[in-house]
Structures are given as structure tokens and as C-alpha cells.
S.K.: 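Quick one: the structure is below, questions incoming.
Reminder, nothing fancy here: chain letters follow the sequence lines and each chain counts from 1.
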Amino acid sequence: MNIRNILLFAVVFGLLVVVGYIQSWSVAFQLLNLCLISAVMALGVNIQWGYAGLFSVGTMGFVALGGLATVITSMPPVHEAWAAGGARVVLALLLAVVVIVAASQIWKRMAPGRKRNLSMIVVLVGGFFLYRYVFDPAVDAIERVNPAGTGYLGGMGLPVLVSWGVGGLLAAGVAWVIGKISLGLRSDYLAIATLGIAEIIISVIKNEDWLARGVKNVNGIPRPFSFMYEVNLQGDPWFVSWAASFGLDPVQASSWFVKLIYAALFTVVLLIILWMSEKALRSPWGRMMRAIRDNEEAAEAMGKDVTRRHLQVFILGSAVLGIAGAMMTSLDGLFTPGTYNPLRFTFLIWVMVVVGGSGNNWGAVLGGFLIWFLWVEVEPMGKHLLDFVTAWMADDSGLKKHLLESAAHMRLLTMGIILLLVLRFSPKGLIPEK
Amino acid sequence: MVDFLNALVALTNYILVPAVAYGSQLALGALGITLIYGILRFSNFAHGDTMAFGTMVVILTTWWFQDMGISIAPLPTALLALPIGIIVTLALLLGTDRVVYRFYRKAKAAPIIFVMASLGVMFITNGIVRFIIGPNEQRFADGARFIIKAREFKHMTGLSEGLAIKVSQGITVVTAVIVVVALFWFLNRTRTGKSMRAFSDNEDLALLSGINPERVVTVTWVLVAILATIAGTLYGLDKSYKPFTYFQLLLPMFAAAIVGGLGNPLGAIAGGFVISFSEVGVTYAWKKVLVYLLPEQWAPDSLVQLMSTDYKFAVSFSILVLVLLFRPTGIFKGQSV
């Protein structure tokens, strides 16, 4: 870290403080929390793109899987639903795995030819109908159990902190499957394939109501610690007197306190991942990765198994994204599959990495902070700008009204301009790779 | 026999007609993607938003025309507004080329850099569209709604299944045929078109033989503006206009272009229909057709829908992956960089 980088970070924190003074500290702490999460996401993308040059735009899918993990891990189980069809769903899923393994074994073991193709198709089609035969009644039964309140299998009732790890594992597992299929592809084919996979993951989560209620959303996801509820804090005489000793109103203090505890937890996760990433990047493994990125053929000639390394780095990056996704869902306290949008959860993260400096972990973190800050703050700034620009217009002017209403869309425009400017004039980003 | 006819009509009504219309729209979109890939050699992620932009201009012009009382009923006014949409879209595309892509072309940047730049352009175009027309759904179809109505068809033929063809579907197919014929005539018969194909096949040889690369690029953007605006307008007339839907069209359009072989115009058209027929076929509830074909005691209880309609992305994606795994350059041979 040289002076320049420290200054850059200081500027970003300074911006947060300014928001605290001008808007409110509540907004500033919320911003800080999402900046921390964005920084973790940016680290994940940086592992895939910065280390290994994998152009994967499936970020959104892994973030959503992390969110799904919080539901599966930390929500209480719905026993009636398990009794109604839990075993049958599990059986159906196992059946699906068996069919797929059988089909791939046929493909591998039989001699190429029409016979092989036919038997594979028979296994797949037959397997699909068998699977639906087992699966459909179970799903109906589960979704009929109190559809307004539950209608899904529920989770495992474990602490939500566990789910952050589970989110990483779940994303890693899915990344393994996806990587196996698509990592042999050329760079821009990989991009399209991952873009599609992310959409598919979202549509599965949206439609499989038995899993996480789909678009009916899951709310009331427990918080990491039982004291992290504003109501409990406000009822706690110790906390009230503690807040009073700073001259604070207990209602406001409790909200700040909860946000700051989240910030502390996220900071710990961010620092651990950052430390591990730095260690990995400076190890022989990291040098090998960069060698593969810079010249695949040369690395292959040196005996490096490029596809295998790509798979490895793809899984690692996806795991980090899964962790970030789980943290985000537990911060929100609710899981809303309908809100996952590739502009926000894939391409914005990419902008963070490119602006921060691809290949540099500190750059990714800085990019995460800065771009998230702008993403949120451009809207009020845009509103002020438009207020200023339209000041001379009549108040009932249709154009003025339209312009002011459109201020929210300034953020996309701004992100595009920032990305293009950085790509053109400082392609290595704010903190370039050493 | 009547049962068979009924099944045939149901099949036409629910699968053939919608899939042909949707396939034509995809094909026009995929043609734009494939042309950019062939000439400029990158996957343009901004293409969906280019379509959204072009359609937006057409919509605004349509409203303006409607205000002035100009109409070509029974055809939708939007057709009249197309030229203006194309010209404004072309201005946008040439502008982005001049400001963004040309720099990287001169610097001979890696394809991936172009793709990143196209992400930036995607954000900006998306922002402009939302800024001007907002993120909500807009309807701009006017004129007659149907060529044949289901009830009239039933009355005419005495069958119990009806066949409905919307004007937008008819226009889509006719327009697509005209555009494709004109495009192929241009690429195969004119001097400029031939120079474009030469440039796409072998850039160095094309440059040696005195082809002006900037001119080829400009002509490509002209074609892309025409294709994207028409594809977007047809899609909007047939379904509805919502900027985010256009962004999401990126996936099936890319799937179509890749399935057919990137850089191969004929492949893009074939790919468009492969994708649309599979999407409609897999997500359609086949019960309606099977009821007529199977003996009564075999009649299915369920809807016989292979997948719910929300999984249509999964369909285009699966086809994409299958083709890439087994025939990486697409059904028709495409280029690879």
C-alpha cells in the first residue's frame, strides 16, 4: 500500500462521512454495509477475471444461490410440509442425479454411434418423465401446506452465520457443475453461457416454490445474534442507559447499533477473504494463474492443466460470491428472488472490478466501495442536478416533471460512462496490478 | 379425420404461428449480432438495448403521427415510423462507434476489451431509454388486430378448434422475409456487400485488395440499425414493449446466432427458428393437441407441459450448450476468433 492508495481509500471513507453529516448516519451505515458486501462480491469476480481471465457474467446466479442458502439454513423447518412430501422430493432429486449420471456414463463408455445416441436419449427422456411422475405430486402436497404462510419445506433452523459458509459451499457446488459443462468454451461463448446460467438459476428459484417460496418471498430471516433486534435493545435498560450516556435517543441508537454490528461482521469476513486472496495471489499458485491468464499456450506447454485450473478458480470465485450473497440476504432479512437483476448483480460488480483495477485485490475492494457509493448516491445527486437544470421551467411543465421523475435512471447512464472512461483512459483501473 | 384436422389446427394455432413470428423476430435480432461479430469481431452485449432504443424512437414517432392523425390503417402506424427510428438508431450506433469502438479498433485491442466496452455502451443505452420513455410497459400497436379470428375460422370450417392469426404476426413474417431477401441480395450481389463478406472472411486479404475498412464498418452499422430497429418494433407490436424484456432477449438472440454459427447470416436465421420452436414446443401444454390424436382412454390427465413457461431461458440455454459441446462452430460453420 502506497500513499496514493491509502489516499483513495481515505477519500471513499470521507465520502461516507459526508453522507452521514448531510443525509443521515442511518443512511451512511446502510451504505457502508452494502459497500462491504459489494467489496466481497468484487473480490469474487476479481478472482475469476483478474487472476485467471475468465469472462464469467454469471455473478448474479451465485449471489442468488447465497441468498437461497440463508433460507435453507436458517429458517425453521416446516414439519407438515416434510411429512406431506419431503421424502418424495428428495427421492425425485436423487432420481434426477442417477439419470444424469447414467446418461453421462453411457456417453463415456459406449462406442460412438447411433446406438449410443439412442440409448442416451431413451435414458434421458424416460428419466425425465419418471422424475416428473415422482416429483409433481410431492410438490403439490408441499405447496398446499399453509400456502399463505409457508408452502415450502423450510430450512434447517441453524444460526444464520452458518448460512454464510453454506452459501459459499452451495455456490461452489453449482459452479463445479457449470464449470464442467462450460469452461472449455471460448471467452465470449463462456460469457453468453454464464449469462444464461444465471438467468436459469434465478428462474429455478422463482418457480420452485417448495424450495424457497419462489416469488412469494421469504421474510423474517433470523439475525446473526438475538440481541440484534431494535425492539429488544430498546427494551433493555442497560442499552438505554448506555445510549443515554452518549446523549442518544434509544430508538435511533438501537438502529445504528444493529447496523454497526453488521458492519463489524462483514468487515471480518471481508478481511479474511482479502487476506486469503492476497496470500493466494502471491503464492506459486497465484503466479501460475497469472501465467495462464497472460498466455494459455505457454502455460500449457509448461505442463499446467489449464482447464482444471480454470475450473478451480471459477469455483473459488463463485464461492466468494455465494458468501456475499448470503450476507446480503441476511442483512435484508428477506429473500426476494424477483429483485435479482443482471444489471445490478452482474454487470455492476464487473464495473467495480474494472474501475478498481482487475487483478488487484485492493483495487477490487476500492472499486466495490466507490461504485456502490456512486450507484446509490447518483440518484439524489442527479435529482439535485435536474432540479438545478429545470429551475427556470414552469412548475407545471410536463418536461420538468418527466425529467425529475427520471432522475432514478441517471445511475445506469453514470455507470456506463464511468466504465467507458476507465476502460479508455486508465484500463488498469484505479489501483493497477503490480 | 376431423380429429386429425382439429389437432392440426390446434398445433398451427398454438405452436406454428407464434413460433414462426417469434422466430422471425429472433432471426432479425440474431442477424444483427452475427453481422457485428463477422465484421467487427466481437459479441455485442448492447444489441438488446440497441433494439430497445430503436423501438423507443419508433414508439415516440408513432405517438406523434397518431397525434397528427396520420395513419395507414388497417396496418399499424409504427411501420410508417420505422424509417425515423432507423435513422436515429443509426446516429446512436455511429456515435458510439466513433466515440468508443473506433479507438479499440485502431489499437487492435483483444476481443474481450470490445465486449467490455459494449457493456459500457449497454449501460448507457439502457440509461437513455429508461430516461426518455421510462422502464414501464408501453403499447403502441394500432390498426386491425386480427387477420383471422378464431371464431370466424371455426364458423368457416366447422371445426371445433379455432385458428387466430394476429396482424402483427402476419406483418412480422412478411417484413422478415422482405428484409432477409434484401439483406442477402445486398451481401451477395452488390459490390459493397461483397467487400463486406471479403472483409469478414479474411481481413488482411481484404485490406490488401484495397477495401476501405472504415467504410465496411459504417455499412455494417447501417445494416445493424435497420435490423435492430425492425426486429425490436416487430417484437413490440407482437408482444409489448418493455426495455428490460429487450435486454433479456439478448440470451435467445445470442443462442440463435451461436447455434447457427457466429458470423454466418444464414445460420442466424436457422438458429432463430430452432430456438423459437424449441422454446414454444417445450413450454406448450400439449394436452390440447393430444386429446384429438389419442384414443379416448389414453387421453392425458395432466397438461403434458414439459416445462413451465418461466423456464424458456433454460431452453435456449440448453440448446446453446448442446450445440457448443457437440458442434462448437454451430450448425452452419461459423467463425472463431
S.K.: Counting only heavy atoms not in A:Trp176 (residues, nucleotides, ligands), do more than 12 fall under 6.0 Å from its CH2?
M.R.: no

S.K.: What are the two closest non-hydrogen atoms of B:Phe131 and A:His402, and how far apart are they?
M.R.: O-NE2, 3.0 Å

S.K.: Is there any residue in residues 124-139 of chain A with a non-hydrogen atom under 4.5 Å from a non-hydrogen atom of chain B, and which ones are they?
M.R.: A:Phe128, A:Phe129, A:Arg132

S.K.: Only distances under 3.5 Å count here; give the side-chain donor-acceptor pairs of residues 108-116 of chain B to other protein atoms, sequence neighbours excluded, each with its distance to 0.1 Å.
M.R.:
none

S.K.: Using heavy-atom distances under 4.5 Å, tell me whether A:Ile418 contacts chain B through its side chain, its backbone, both, or neither.
M.R.: neither

S.K.: For the residue pair B:Arg130 and A:His409, what are the closest heavy atoms and their distance?
M.R.: O-CD2, 3.3 Å

S.K.: Which of residues 272-283 of chain B get closer than 4.5 angstrom to chain A, counting heavy atoms alone?
M.R.: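 Within residues 272-283 of chain B, near chain A: nothing under 4.5 Å.
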
S.K.: Just wondering, do B:Phe45 and A:Ile192 contact through their side chains at under 4.5 Å, heavy atoms?
M.R.: yes

S.K.: Got a sec, which residues hit side chain to side chain contact (heavy atoms under 4.5 Å, CB included) with A:Asn295, two or more places apart in sequence or on another chain?
M.R.: A:Glu297, A:Ala298

S.K.: In this structure, are over 12 heavy atoms from other groups packed under 6.0 Å from B:Lys242 atom NZ?
M.R.: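 Check fails, neighbour count at 12 or below.
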
S.K.: What part of A:Leu413 lies closer than 4.5 angstrom to a heavy atom of chain B: side chain, backbone, both or neither?
M.R.: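 Both parts, backbone and side chain.
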
S.K.: Could you walk me through whether A:Leu423 and B:Phe103 pass side-chain contact (heavy atoms from CB on, under 4.5 Å), step by step?
M.R.: CA-CA 11 Å; A:Leu423 269 183; B:Phe103 171 79; over 6 Å; no

S.K.: Compare every heavy atom of B:Tyr104 with every heavy atom of A:Leu420, then report the nearest pair and how far apart it is.
M.R.: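 Nearest pair, atom of A:Leu420 first, then B:Tyr104: O-OH, 4.3 Å.
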
S.K.: Which atoms of B:Ile258 come close to chain A, meaning under 4.5 Å heavy atom to heavy atom: side chain ones, backbone ones, both, or neither?
M.R.: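 When you check distances to chain A, only side chain atoms of B:Ile258 fall under 4.5 Å.
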
S.K.: Count the heavy atoms of every other residue, nucleotide or ligand shown that sit under 6.0 Å from CZ of B:Arg98, and state whether that count exceeds 12.
M.R.: no

S.K.: Side chain, backbone, both or neither: which part of B:Val129 has an atom under 4.5 Å from a heavy atom of chain A?
M.R.: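 Interface part for B:Val129: neither.
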
S.K.: Quick one: what part of A:Val204 sits under 4.5 Å from any heavy atom of chain B, side chain, backbone, both or neither?
M.R.: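 Looking at A:Val204, backbone and side chain both touch chain B.
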
S.K.: Sort A:Ser182 into side chain, backbone, both or neither according to what part of it lies under 4.5 angstrom from a heavy atom of chain B.
M.R.: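 For A:Ser182, no heavy atom lies under 4.5 Å from chain B.
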
S.K.: Below 4.5 Å from any heavy atom of chain B, which atoms of A:Leu399 appear? Answer side chain, backbone, both or neither.
M.R.: neither

S.K.: Are A:Pro342 and B:Phe244 close enough that some pair of their side-chain heavy atoms sits under 4.5 Å apart?
M.R.: yes

